[in-house]
Structure formats: C-alpha cells, structure tokens
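Chain letters run A, B, ... following the sequence lines, proteins first, then strands; residues in each count from 1.
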4 protein chains.
Amino acid sequence: MKAAAPSLQCPFQTIGVIAKQGETAKTRLAIQHLASCLRQRRLRVRFDPLAAALVGAPEDLALEPAAMGQICDLAITVGGDGTLLGAARALADSGIPLLGINLGRLGFLADLPTQAIETCLAPILAGEFDAEERFLLAARVNGDPPLLALNDVVIHKWNTARMIELETLIDGIFANRQRGDGIIVATPTGSTAYALSGGGPLIHPALDAIALVPICPHTLSNRPLVVGGHSHIEIRADSAHDQGHVIVTCDGQADVFLTAESSVQIERAPHPIRLLHPKGHDHFQILRAKLGWAGHPAGLNAV
Amino acid sequence: MKAAAPSLQCPFQTIGVIAKQGETAKTRLAIQHLASCLRQRRLRVRFDPLAAALVGAPEDLALEPAAMGQICDLAITVGGDGTLLGAARALADSGIPLLGINLGRLGFLADLPTQAIETCLAPILAGEFDAEERFLLAARVNGDPPLLALNDVVIHKWNTARMIELETLIDGIFANRQRGDGIIVATPTGSTAYALSGGGPLIHPALDAIALVPICPHTLSNRPLVVGGHSHIEIRADSAHDQGHVIVTCDGQADVFLTAESSVQIERAPHPIRLLHPKGHDHFQILRAKLGWAGHPAGLNAV
Amino acid sequence: MKAAAPSLQCPFQTIGVIAKQGETAKTRLAIQHLASCLRQRRLRVRFDPLAAALVGAPEDLALEPAAMGQICDLAITVGGDGTLLGAARALADSGIPLLGINLGRLGFLADLPTQAIETCLAPILAGEFDAEERFLLAARVNGDPPLLALNDVVIHKWNTARMIELETLIDGIFANRQRGDGIIVATPTGSTAYALSGGGPLIHPALDAIALVPICPHTLSNRPLVVGGHSHIEIRADSAHDQGHVIVTCDGQADVFLTAESSVQIERAPHPIRLLHPKGHDHFQILRAKLGWAGHPAGLNAV
Amino acid sequence: MKAAAPSLQCPFQTIGVIAKQGETAKTRLAIQHLASCLRQRRLRVRFDPLAAALVGAPEDLALEPAAMGQICDLAITVGGDGTLLGAARALADSGIPLLGINLGRLGFLADLPTQAIETCLAPILAGEFDAEERFLLAARVNGDPPLLALNDVVIHKWNTARMIELETLIDGIFANRQRGDGIIVATPTGSTAYALSGGGPLIHPALDAIALVPICPHTLSNRPLVVGGHSHIEIRADSAHDQGHVIVTCDGQADVFLTAESSVQIERAPHPIRLLHPKGHDHFQILRAKLGWAGHPAGLNAV
C-alpha cells in the first residue's frame, strides 16, 4: 500500500497549487507561505485561477486545475477534504500525485497541517513520503461522458418529499428494488463520508470494494451491501412516477437527472489518484482522531 | 420537573456519605473534604462502611446505605454514575434525596465536580437546588421480592454462544417473540446507558416511558419500542432449550435465572428517587457534553 | 385507550365517504358497495368530490372533506393509510370519528379490509367498535396558520445535495445543532412511517410522546430523541448558507420554506382524531403483520 | 466465481452423507431417500455416525466427517446451514466439495430443497452445477492449533453482565480499543448471520474481505469495519479486570477463554471450501428470499 520514494533529490519540478473556494485571509496566507517555501527550493509554481487571484500571481502562472496534469508533477491543495476531492476529480486522468494541506481540522485526505507546512513539506519534497492509491468511481448516464467521484455517487430524491423507487443490478444480475430516499454508492474513501451517516461500514482504503448504502430504506432489511471494486453497478429509476425527482450526485455536486428510461452505470474509473502523506501515515490514527475513538471511550452512562 | 427549594435555612440535618467501591486515594481525599465541609456547617454526617473505613470514621458513624433512609435526610455519593445507581436502588423506598459527586468525568447523574465540592455544595445545603424525580423499575421473577433498577432490567443470554428466544407481553397483550442476545428494558435514565449502545433512542428524563431494546435481534425489523411508563411488561424465556442460559440483570448486576416455567414481570417501582442538582441544571447540556454534540460537529469527511 | 360504544342503536346518521386519489376501478367498486351498505341501513351518505365523481353521485351529495365535520357524524375513507392521513388533517378540528377501509394490504390506520366491508361494518354501525385517539402535530412557520400532520413534520434539505444545519430547542431550551439531511418530528402514529426508516423507535400509540429523528446525521451520536407529547419544539435553519434549501413537509406534503430568519414551531394540535376499529383491535397484531414479526422469525443464516 | 463442470460423466464416485444433529423422522426419511438416489446411480455412500445410526447402515459404512476427505469426493449435508457449517470446518483441509440439502426453509448455504432431492441431484451428479469457493477464518489463541470458522469468530463477554474491553490490531497496526459486548469477525459468508444482527453490512461472497462488527459498542462511533481478506487481525482482552470473562466463539461454538496475557490471531484459513449449487445459483435471489426483499417491499405506513 505504501511505497518509499526513491531518493533525496526532489522528484517534483513544477508544482500546482489549488485553493479552497471562498476567499479568506487564512487561505491567502497559507498559499503565500506555501509558494515561498516552494520557490526557496527553486521549484516552479503554478496557481489555479482562484489561488492566483488570492496571491496576486501574474496571469501566465494561472492554470485551470484540469490543465495542471500537463505541466505539473505534483498538485497541492490548500483547504480541506472538499478541495482535495475537487482536485482529484480534475486530475484523476493525469496521473500526477496530490498532497492536501488542511486549513482547519485534520482531514481524512488532507492531512498536512497549515501550521507546519514548512516542516512537513521539506521531507516530502526531498522524496520522503508515503503514497497510496485511491480509486474513483465513474458514473455514466445515457451516452454522456462519465462523471467522476472520489467519495460517492449518490442517486437520490430531488425536489420531492415522496420516496423514490430504485432498482439495482450488480454485474448485470438483479439485486433488488427498493423504496426510500436513495442509494449511496461509495468508494472506501467515501465510506467515512455520507455513507457513514447513512449507516454504512468503514472500509479500509486498501480494499478493492464498493459500498451500496440505502438512504432511509422503507424496508428495514435493506442493509448496506459491499461488493467487489471491479463490479459493474447499474441503478435504474424504476417508475415514470418519479420522473424529474431522481438525481445523480457525484461528490456532493448534483449533476444529472435520471429518467424512467435511463439508468446510471457505475464502475471504477480507469485511473486512481495517488495521494501523498508525510512518512508514517496511519489511517487508523486518523480514524481515531476524527471519530473520537481515543483511548478513553467517549462515555455513556456507566453501569 | 424542577422545583425551587423554599429557603436559605439548610433543609438537611443529617447527611449520609456513600463511597465508590474500590479504594483509591482520590475517593478518600474527596470524602475527607466533603465531610469537613459538612461539619463546618454543623451538619451530622454518617458514612457507609466503605467510606467509614476510608476516612477512619468511628464505628458508630458507619451505616449501611439501605439504613440511611431512617436517619439521614440527604445522601451524597462520591464516585460516578455507578455509585449513584447503587445508592438509588438502596434508598428508593426511603424517599430521601440523592446528590452525586463525580470523581472523574462528568456523569449523567453525578454532576457535581469533585474540584468544586465546596462552591457547588454551599447553595445546595442552603436550599438552592434543582430537583428532579427519576423512576426505577421493579422486576419480579416468580414470587421473589422485586429487584430494583434505575437504568435497566436486561434479560440476556448467559453462558452460551447461541441465541435465546424471548416472548414479550405488554399489559397482558402478546407483543412478539424474538430471537437474539436478549432485551434491554430501560427507564429514561437508562436510555443513555446500555440501551443506547443497543440502538435505542434517547428518552427525555421527564417522560413517563419505558424502552424495550432488542440486543442483536435475528429479525431486522425487531426495532426498539417505547411504551408508557405505567405499562406492565412480561418477558418469558420461550423454550426449555434455553434453560440455564437466560438471566435477568438489574443495573448491571446479574441476578436471577429465568427458567422455561418462569417469567419476569417488570413495572415502574412504587417510589421514584429524587435527584438534586446545582441550580440551572440542563439535561441537554449534559447530553451535548457526554455525546460530543458540541456546536462544532465531530466531523466526517466533508463533501 | 379503548371505549366500548353504548348500544346497538346506530350512533351515526350521516356518513361522509372519502376516496383515494387517482381513479381506479377498485376504488369505484368499493365505494359503490360501501354506499349501498350504508343506504340499506337508511343512513345518509355524502361523498367527497372525487368519490362523487367516481360513483356518479348527484352534485348535492358532494362535499369537501373539510366540510364534512358540519354535516356528518362519521367519515369513512376508502384507500390506504395515505387517504386516512389526508382525511385526518382535514377533519381534525371537527371532532368526528374516522374509519379506514383499505383497498390493498392491511394498513396501520386503515384496517377494514375491502373484501369484508359488510361483515365488518355491521357491528361498527351498531355501535360495537374500539375507538382510540391519535394526536396530530401543528407546525407554525412565521405567522402563518398552522399546518397539521398525523404522521410527521419533516424539516429537510431541498433542491441541494449538501447537508443542512439545524438547531433544535425543546421547551425553549437549546438541545443541539446538527448537520445532515434533516430532522423528522413524528407522532406515535408516524413512528411506523418515515421515522422508522430513519432509525427511530416504534412508539406505542397510547403514549403521549414525540420522536425527533435525525436524517443521516453527520455526527454519529446524534441519535433519535423521544420527548413528552406536550413539548414545544422549535427548529431553526441555522445559516443563511442554506437559504432556499430547507423545507417543512407535513405528512409527505412539501409545504413551506424555512429561511434563516424564520423557524418552525411544532406542538401537539389542539384536537386529536378519533379512529374507529373493529372490536378486538390489537396494535401489536398489526405490527407483527406489517413488520414480519410472525412467530417464525424472518430468517438469517442459522448458527 | 462460477465454473461449469466438465462433462456428463459423474465426477463423484464416493459420497459422504452428514446428518443434522438431533434425530427426527424428517432427517431419517431424507437420508434414506438420498442414499437410495445415490445407490441407484451405483455410487458408493458413506455416512457420518449420526446418519449411519439413523438409517441403520452397517458399521463399516460409518465414518467421522473429518475422515471423509480421504475416502469421499463429495460430502452432502442433510439439515440446514448449521449442519453445513460444521461439515465445512471438518472438511476444509480435505478440499472435497460440499452440497447442502435443507430440510426446512431455504438456507443461505444449503439450498437444495428436500422435496426435490432427486430432480436437483441428477444434474449435479452428472457434473452440471455451479461451484463457488468460500473462505474460512482460522483463529489462534496462544500456541493452540487453529480453530476454524466459516461464518465468524466472535470475541465476547461470558458469564458477566459488565462490558469487556478489547483492543484490535490490523496487520500489526493498532486500530482501536473499545468497550462493549464484544466483536464479531465475519467472513462474507458470515455477513448474513450474527454480524448482520449486530449492524454489519452484507458482503458479497466473492469479495475477499473480512468484517469487524462491534457488539453494542459503548462509543457510538465504533462502527463496523471492512478490511481485506488477507489481513492479519489480532484482538486482545485489554485488562486483567476481564479475566475469565472473554471467550472466543467460532461459528457459534464457545471455544476458548482469552486471558489478559493472551490474544487471538485471526487470518484467512489456508484452504477454502468448495460449495456446489444447482445450475443458475443466484446469490441475490437467496438474499431477496431470506431478507424479504421481494418485488413488493414489506411495507411501512405509506405517506
């Protein structure tokens, strides 16, 4: 799962910097600090338009995230897990690795604290890091180009207070028809996000698996289902009755309606992203910190 | 639910002090400090045998908790919620109020911090406090005297890895037969304890209700059930098959086996306990603190 | 909870008939049969406009459900639980009792099977029935007239894939702030509906209690909460951020947006409905039938 | 996952028959019928001691299940999933395939109905079947020989009403410490058994994964965790406090105590079992049948 990087020579020459949406002083300061760290090491820096505006970078250094794959050999996001999710979708096809600086609380994905940018960055730029691959899902509706998701593809009710009815097929085999608020199709990465709120299990990031988590299912035995990561999942809006009320959302971006005649086809995307972490990265340590699993359990009424 | 106390005259003359089981320096120091506070106010103090031993009190000041009801007009527990649970069962019939000092983290019931005994105690002894009633359950097996529980009566498997089968009647009407690890019958007080771990709801302490929470039920639609606090609940071990493997536990004390011929009858106990709190007691504040509901939600992967 | 009716004299003289929306042959036949049964007994019959159209009743016999309270002394719905829910909201203030004929599967509320209308109806019209009261919730947003709900008032996200943030106050005391898809505020009647899908407990219909069930809460310790039936519940959309994305839905009818400046106030409605059942009505029998709790548990992999 | 068998020549010459424990007329009749079917095809039949006694087979045809691997090339169990679980543990190392006849309701594993033994068996004996592999877990405590489990290894409280405290390591990395009733470590096969009752997800049988499901965890964020099937899982009883109260149970057989000094090491067993099914075996069809997922959802209160 983790691969030690080769040498102390910096394996990265040009680095793209991507900012969290919504300008704040905090983001600006962090990007300025980051850019100065990178330049001290004589690395070339490019900025996404938002970051460029924030730090007043010259126009020729600004670059859309999706275009960074051609020019950069590392992308660093400054924000939170949401910023990294967006960058992952934009850069998945390029193959360049991603590193996330978190401006606030520790993220599941963005685990480099803003207070220690320089300290944490130095060894990483010297090639000392842990790397792991995280796969994305590709969702196809009709003949449209696939939508990517690093967390989840959610098929859910929209603009209605009624339940919707969905039919699921796994590798072409009918699994079930269910009524409820929808279904969350999540990667291991997404298993700590919306799927967890919906009652899904935590899935180890190294496991090649996909979770299907029903949202408020009408039938109580409609429980979360975990299938192989290379499964082909098809979800159909079952009835004309729900027309205009079933939508497909990728990583929280409401994207495209599902009609009674269409279906969404979900599969592992062809290219995973490569996520960099400071050496010694420990997934369970992050789970403990984020979920309050600390040594001293959080405390119910003692018996 | 809350009643202001009448005056600044101390409404309590003789006070019983009950210690947490398992001697520790911390408990001893807290009891010494408490006793000295009480004596400064010229109040009479009695100790349960454990507390008496801890502080080296003369023999004639030692008193079993169950006997404190005759002599004391307030009992103070020093420990945690578990210590208060035990005192509540021992003193339920006496009608004297209870106050809990917690040696460690904030308790659901014992909410007077050991670091601030003097500050918190002064107004309470002057009659300035909030009081609330909490009801107990009385569980009868065969003709035996009832067992009391402030949190819960649990009917569960014992000494077996197999499921047990139980039959539930509410006010004499058959509710269901279920297989699993057992059933938790909980008061509102107990709804934050084992019942919560088993998937039961939080019940407001002022609500006259009882929760029946199945433990790992074999049938997924066997969900927690909330009935009126004056319901008569009967639970039967359904088959001779489970003989010797079904036990009734009250507040975590494994008590009596349920045979195929017997059943357990559970009802609200005749006398509630009266729990004292510092003025301004807020149940939701305690829930927020204990369950990590703080203003800044505990944090999953942001979308 | 149940009151035997006085005599064999028919306590009802004029009966309103309310049809399920969406014309079907089945509904028409059932209403024709019902009307003929009632007329044989020389009872006066009125029809809601839908039912009137279905059976070709003269115009002067048609009456809006909400107007039936003035003229009728019993309303019979022909459809399912949804039809009865609608009638209950329309007739709650009138005080006339309701009886539900279910065209399909057994309902939680409408428990008179269409195949046995005559057999079941005869004793009821002769005054032999069980009656129970079910309370409704009244939801007020701003100064608007209250919306009624027999099942639930749901405050949920609308037209967005993002979480919303809600703040709850119980009797004016801040309970918590939570992020997620929303909150279901359910009566005991509604505890078998959407609230159950969301993980809420079953609440006995005779219990004076309200359940607050978070929908896919971001914080895992945000568990269902049961409070007294006379509680005043206030839910605020916490931030301007969610403007236009928080809606209040009563019994599945999306009704009114909640703005950052407004809040919804939920209380027990002043008048409960009176629901009639065939003699010997047994709530647990219905639960067993609807939830598959039959004697032979539904069956997981045997150990 | 499925492999068509080579030819119409019977691939099996000697067949072992294993009976459900607890004699019943039904079991005897089914075994007699099965034996006669097999003999008509001139196949050799061996019986486990129980089956031999039931049908009065000569002593030299009786064989312990664990010894069948040397002599038989197929084992058929007559009973339910429990009978097949036992046979799987006994025969896992031998590599011979297993076929399950279910005497009662459809099983997850034993899916050949007793009413149609002859019809279903004919094509299977002619080599027309679907085969799938299911892995077992091997649990080692101290230096003892490993215990096998096809469903689950459960580490749980024993002979106590108190919570126990367990520490989990995955591939040598500390995952968490948790308090509660225990932990279920389940294979995909076991994901429809106890783990499901405990809130775990359904795992597709073809997925190489293991679920860790906490039983009534004290900390509400201790959620089910799914890790790779080749993970090495270590669970420690955390404190001397629980001495004598933590036991390891494999497939429902309480086996060995865990002491404060010992730990249980759980890994995929070296040999999977090979399970035969009638052609056209469909895992989702069985899930739908067993979990009540039929086309017409089980039905809550309609909105």
Side-chain angles (χ1 to χ4, degrees), chain B residues 1 161-163 165 167-171 173-180 188 191-192 196 199-204 206-213 217-229 231 282-285 287-288 290-303, chain C residues 1 161-163 165 167-171 173-180 188 191-192 196 199-204 206-213 217-229 231 282-285 287-288 290-303:
Chain B
M1 179 183 144
R162 278 185 294 110
M163 289 187 292
E165 192 160 349
E167 218 172 83
T168 303
L169 292 93
I170 309 288
D171 292 330
I173 296 169
F174 172 63
N176 64 20
R177 178 162 54 238
Q178 57 185 263
R179 289 195 291 155
S191 76
T192 54
L196 189 60
L202 299 163
I203 300 181
H204 194 279
L207 182 64
D208 183 23
I210 297 173
L212 288 89
V213 179
H218 182 265
T219 299
L220 300 177
S221 61
N222 271 126
R223 298 290 301 278
L225 171 68
V226 183
V227 299
S231 304
D282 177 347
H283 179 66
F284 286 111
Q285 191 175 30
L287 282 181
R288 288 195 301 274
K290 298 282 292 181
L291 297 177
W293 286 357
H296 35 87
L300 310 183
N301 185 341
V303 183
Chain C
M1 180 184 144
R162 276 186 295 107
M163 289 186 292
E165 193 159 350
E167 218 172 83
T168 303
L169 293 92
I170 310 286
D171 292 331
I173 297 168
F174 172 63
N176 64 21
R177 177 160 57 236
Q178 56 186 266
R179 289 195 290 157
S191 76
T192 54
L196 188 61
L202 298 164
I203 299 181
H204 194 281
L207 183 66
D208 183 23
I210 297 173
L212 288 90
V213 179
H218 183 264
T219 300
L220 299 178
S221 62
N222 271 127
R223 297 290 301 277
L225 172 67
V226 183
V227 300
S231 304
D282 177 348
H283 180 66
F284 287 110
Q285 191 175 30
L287 282 181
R288 286 195 303 274
K290 299 282 292 180
L291 297 177
W293 287 356
H296 34 89
L300 311 183
N301 186 342
V303 184

* Output all residues satisfying side-chain contact (heavy atoms from CB on, under 4.5 Å) with Pro188(B), sequence neighbours left out; order by chain, then residue number. => Phe135(B), Ile203(B)

* Distance, nearest 0.5 Å, that separates CG of Asn222(B) from CG of Leu202(C) -> 9.5 Å

* Contacts of Leu169(B) that satisfy side-chain contact (heavy atoms from CB on, under 4.5 Å) - sequence neighbours left out -> Glu234(B), Arg236(B)

* Shortest non-hydrogen contact between Phe174(B) and Arg288(C), atoms and distance -> O-NH1, 2.9 Å

* Any idea which heavy atoms bring Ser221(B) and Trp293(C) closest together, and the distance? -> O-NE1, 2.8 Å

* Asked: Of the listed residues (Ile170(C), Leu287(C), Asp208(C)), which shares the most heavy-atom pairs with chain B below a 4.5 Å separation?
  -> Ile170(C)

* **Part of Leu207(B) within contact of chain C (heavy atom distance under 4.5 Å)** => side chain

* Among Leu212(B), Val227(B), Val213(B), which has the most heavy-atom pairs under 4.5 Å with chain C? -> Val227(B)

* **Heavy-atom pair with the smallest gap, counting every atom of Pro201(C) and Pro201(B)** => CG-CG, 3.7 Å

* Asked: Within the side chain of Arg223(B), is there an N or O that forms a donor-acceptor pair under 3.5 Å with the backbone of Gly199(C)?
  -> yes

